[in-house]
Amino acid sequence: MSNTILTCQKLCAAVGDKPILHDIDLSIGQGEVHVLLGPNGAGKSTLGHVLMGDPTYDMTGGSIEFDGQDITELPPNKRSLAGMFLSFQAPVEIPGVPLRSFLRAMVEAHGVQMKNKQFKQRVQELAQQLDMDPAYLDRELGVGFSGGEKKKVEMLQLLLLQPKLAILDETDSGLDVDALSVVSRGMELYRRDCGGTLLIITHNTRILERLAVDCAHVMVSGRLVDTGDAALIDLIDAQGFERYETQLEQA
Ligand code: ADP
Ligand code: MG
């Protein structure tokens with residue numbers, strides 16, 4: 001039995017007739033922390049969405065195996081039920097629906113068995129761990145939420161659902177200091193209390209400070225061009241992506 005949670009082989013993807021991802025091979029072990037780095041427009045978010053089955057993108061080749069199952073043909077909701085989670089960059093606003101009710105419905109939709117009292121207790125406890133005022137749970141979903149507050153909702157979802165793999169795309173959201181610390185705390189709790197597996201897409205390597213990173217990948221122009229350990233992150237912080245871009249131009 002292998003302890004690999006995600007494997008993609010020769011994954012290719014396009015939007016309309018524009019190819020974006022080329023022959024992506026990626027393997028993530030259960031409980032590992034992987035980081036995906038790359039310049040803007042490299043295709044990082046696209047990979048996150050393709051892994052999740054977002055119909056905006058056509059998977060034009062390759063395969064995805066998740067938790068021992070070929071999920072290449074599975075729709076997003078089935079992938080989510082199988083234990084995959086993708087952070088959202090702009091959470092929905094639903095006036096009139098309190099955050100607490102939304103979270104309850106989400107947990108139920110995932111078939112997580114929890115009595116009302118137990119749910120209340122758990123949400124309260126998580127809110128505390130995330131430094132969230134419990135009164136906040138009665139606020140209307142997404143309405144007037146700050147960047148940091150949106151991130152708290154996202155981390156609450158993550159910690160309630162306890163997915164097997166969380167793909168967190170933090171690239172474009174311009175995290176402020178508050179949001180940054182929420183994400184980093186959330187990821188720490190997810191690792192510590194759920195033993196979860198992470199694929200983190202980020203520019204801001206400060207959010208990685210509380211995590212032991214197992215593997216870093218570099219994506220340029222829709223290709224994975226390098227893989228290494230945490231030292232690769234420091235190297236890129238210092239040198240950027242230029243040398244990869246030059247290599248690709250010369251290839
Ligand atoms: P990154 O997250 O690395 O910044 P993206 O995955 O967002 O990169 O984008 C990769 C490329 O794919 C870019 O050229 C982008 O314009 C294009 N792209 C991504 N999503 C779409 C879409 N829905 N429609 C058209 N082009 C897209
Ligand atoms: Mg992106």
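Both counts, for ligands and for their atoms, begin at 1 and track the order of listing. Owing to the predicted nature of the structure, the values given are computational and were not obtained by experimental measurement.
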Structural part of T56 in contact with ligand 1, heavy atom criterion under 4.0 angstrom:
side chain
Only heavy atoms count here, so choose which of L47, N40, V15 is nearest to atom 25 (C) of ligand 1.
V15
Check this for me: Q113, atom CD, are more than 12 non-hydrogen atoms of other residues, nucleotides or ligands nearer than 6.0 Å?
no
Ligand-residue contact atoms, ligand 1 with A42, heavy atoms, under 4.0 Å
1 (P), 3 (O), 8 (O)
Any carboxylate oxygen within less than 4.0 angstrom of a Lys/Arg side-chain nitrogen, looking at R100 and D138?
yes
Below 4.5 Å, heavy atoms only, C-beta onward: do S27 and L6 meet side chain to side chain?
no
Heavy-atom pairs closer than 4.0 Å: do any link ligand 1 to the side chain of M219, the backbone, both, or neither?
neither
Per-atom filter on ligand 1: closer than 4.0 angstrom to a heavy atom of Y57 are 19 (C), 20 (N), 21 (C), 23 (N)
Looking at E188 and R185, is there a salt bridge between them, counting it only when a charged N and a carboxylate O are closer than 4.0 Å?
yes
Are the side chain of Y57 and the backbone of I20 linked by a donor-acceptor contact shorter than 3.5 Å?
no
Sub-4.0 Å heavy-atom approach of H49 to ligand 1
no
Would you say G38 touches ligand 1, if touching means a heavy atom closer than 4.0 Å?
no
Is the F145-Y136 ring centre distance short of 6.0 angstrom?
yes
Are G48 and ligand 1 in contact, using a heavy-atom cut-off of under 4.0 Å?
no
Lys/Arg-Asp/Glu bridge criterion (N-O < 4.0 Å) met for R104, E108:
yes
Under 4.0 Å from a heavy atom of P39: which atoms of ligand 1 are those, numbered in the order shown and with their elements?
3 (O)
Only heavy atoms of T46, strictly under 4.0 Å: list the atoms of ligand 1 that pass.
5 (P), 6 (O), 9 (O), 10 (C), 19 (C)
Taking atom types as modelled and ignoring hydrogens, do the side chains of H49 and T56 form a donor-acceptor contact shorter than 3.5 angstrom?
no
Please determine if the Mg ion (ligand 2) has an N/O/S atom from T46 lying under 2.8 Å away.
no
Regarding ligand 1, does I20 bring an N or O atom to under 3.5 Å of one of the ligand's N or O atoms?
no
